[in-house]
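Worksheet: one structure, shown below.
Every chain is numbered from 1 and lettered A, B, ... according to where its sequence line falls, protein lines coming before strand lines.
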There are 2 protein chains.
Amino acid sequence: MAEPLDIPLRQLEYLVAVADHPTWSSAATSLGVSASALSQGLADLERRLGVQLFDRQGRRRVLTDIADPVLQHARTVQALSHDLGQWAERVNTLKMGSIRIGMLDVGAVLHFPEVLRVFRSDYPEIGFHLTVAPSSELLAGLRRADFDLIVCVRPSEIPPAISATPLLQESLVIVRPPGTESRPASAWGPWVLFPEGSHTRSLIERSLREHGARPQVVAESHQPDVLAQMVSLGLGWAVLPLAQVPEHLDVEIGESIVTRDLVICQREGAPQHPGVEVLIERLRSVTDVG
Amino acid sequence: MAEPLDIPLRQLEYLVAVADHPTWSSAATSLGVSASALSQGLADLERRLGVQLFDRQGRRRVLTDIADPVLQHARTVQALSHDLGQWAERVNTLKMGSIRIGMLDVGAVLHFPEVLRVFRSDYPEIGFHLTVAPSSELLAGLRRADFDLIVCVRPSEIPPAISATPLLQESLVIVRPPGTESRPASAWGPWVLFPEGSHTRSLIERSLREHGARPQVVAESHQPDVLAQMVSLGLGWAVLPLAQVPEHLDVEIGESIVTRDLVICQREGAPQHPGVEVLIERLRSVTDVG
DNA sequence: TGGCTTTGTTAAGTATTTCTTAACTAAAAT
DNA sequence: ATTTTAGTTAAGAAATACTTAACAAAGCCA
């Protein structure tokens with residue numbers, strides 16, 4: 001029988017801080033405590049768990065592989081605490097607080113601009129902050145409680161304590177430089193794609209490989225319009241949502257080779273801003289109609 | 001900017017304890033602390049959140065409605081902490097620990113007895129404990145970290161920090177006393193059903209109402225075989241999974257009027273016993289085949 | 001009504017935990 | 001070799017959380 005195992009929240013914060021900072025000293029100052037406190041706290045955490053969380057590399061300390069579940073736990077608990085704090089603040093000030101939304105570019109400019117605009121005018125007293133960024137950044141931010149809600153591409157692995165509900169499917173088409181003819185997949189490319197690490201990028205690469213194309217990449221950008229521009233300049237081929245290829249641009253549209261799912265992600269098990277539910281409802285109603 | 005809001009884990013434990021005990025004193029003794037400590041701790045919690053968590057009813061104190069999100073948060077964090085403790089214990093003892101499974105009766109005796117038996121013989125070194133209980137109890141237990149994994153009827157509301165993945169569908173048929181003829185729904189019954197509060201019961205009641213039957217209930221039991229027995233004795237009609245009506249029993253089988261989903265539920269965002277994943281895999285493979 | 005018990009709070013002191021400062025070790029940098 | 005940087009250890013100070021004890025007030029039982 002392991003008794004409760006009471007780990008101070010503070011020590012979990014320490015762990016997250018050292019994971020997010022290059023050095024323990026900087027982590028300590030970012031927390032506003034002495035390096036000594038940090039050291040002692042983490043030593044104590046290690047002792048309590050009885051698991052080796054840190055290795056030495058020279059005089060630097062790094063997290064062991066086995067520490068990862070603990071780090072995940074720490075992040076989860078920290079995000080939950082943050083949400084509770086927000087909830088409390090909302091409840092006792094009776095002000096509506098604010099909600100922070102993260103969206104993929106297509107979400108903000110293509111699918112849901114009207115929803116966002118109407119929501120703001122319907123609930124002007126709710127503070128509102130929209131961040132547009134790539135899916136991976138959004139997910140990390142959601143996990144850190146930087147956002148209350150995000151719309152992103154469905155990740156292959158959903159992070160712990162995050163829920164994802166489907167919103168819509170997008171198909172991505174091949175975009176070729178002007179004057180290019182259809183040809184066998186082995187002669188496709190070279191490519192201008194989303195950057196390495198982007199989730200859509202890996203979807204595209206997998207699909208290209210399945211079609212027998214060698215994905216030789218000559219340029220990268222997170223911005224679809226930039227990619228389309230490069231294609232029209234003859235720099236290479238792209239794979240983009242059709243709606244994100246500017247109409248006036250001189251390019252050839254090819255076949256659709258990938259579909260990606262846009263999803264709504266939230267933190268699970270946390271008290272929510274009531275406005276978030278309303279917004280989700282509205283986002284989903286858009287895709288029911290379309 | 002609300003800064004971190006550091007709430008001691010202990011105070012969350014206090015909150016859960018008073019929610020689960022009739023009186024604060026009994027909660028205090030169950031925690032092994034003085035009533036004074038509990039009182040001070042909860043007063044401090046209330047002060048920190050700035051939200052009124054307790055009302056007075058005579059000399060008794062009761063949770064306010066608004067306290068519920070805090071209670072949910074507390075339960076979530078407590079379950080996560082427990083899981084971390086289990087994980088740590090597994091890691092440093094290198095023993096496989098044990099996994100605690102909860103299942104609905106049909107799961108344990110009808111759909112998955114073979115999976116459970118083979119799993120035990122494949123992994124004899126993993127401690128194994130199976131509890132058979134109604135869905136609502138299983139869900140509450142899962143939330144309290146009494147179980148690592150449960151198989152139950154899909155609840156209408158999934159509790160916070162719990163994930164549910166579908167496993168199979170069961171259809172429930174009307175079971176009539178011997179010699180009863182088919183008749184209009186308004187003349188159905190009276191009924192012997194699962195107890196009030198059971199999730200399957202509410203599914204059944206809803207369906208009966210939709211069919212135009214008045215659900216007059218004359219007997220209740222959690223045990224399907226008991227219900228079937230009562231039907232054969234002419235006490236009333238039942239609605240049961242066909243497979244749970246003993247074959248030798250003298251009853252009439254009617255139409256299927258309800259389907260219920262069996263799901264696997266787990267706590268989200270917690271370090272897991274590796275055996276749990278294996279077991280889930282096997283449970284799902286059974287239903288793929290069947 | 002008047003005691004008596006039970007429930008919960010408050011006060012004061014004690015114990016525990018967690019911080020800070022300061023002295024120290026060891027790896028990198030100059 | 002000297003200095004700088006990263007992290008640890010030691011000792012005392014500060015903050016937290018607990019205990020006991022005294023208290024208030026609601027329910028109980030004549």
How does protein reach along nucleotides 7-18 of chain C, written 5' to 3' as B (base within reach of a heavy atom under 4.0 Å), S (only sugar-phosphate), or - (no contact)?
SSSBB------S

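Remark: Leu15(B) CG to Glu46(B) CD distance equals 10.0 Å, nearest 0.5 Å. Here the straight-line distance linking atom CZ of Arg10(B) with atom CG of Leu9(A) works out to 13.5 Å at 0.5 Å rounding.
One can place CD of Gln57(A) at 14 Å from C1' of dA28(C), the figure rounded to the nearest angstrom.
Checking Arg90(A) against Gln272(A) by side-chain atom types alone, no donor-acceptor pair falls below 3.5 Å. Side chains of Thr76(A) and Gln72(A): no donor on one and acceptor on the other come within 3.5 Å.
Pairs of residues two or more places apart, or lying in two chains, that qualify as side-chain hydrogen bond (donor to acceptor under 3.5 Å, both in side chains) and include a residue from residues 48-60 of chain A are Asp44(A)-Arg48(A), Gln52(A)-Asp55(A).
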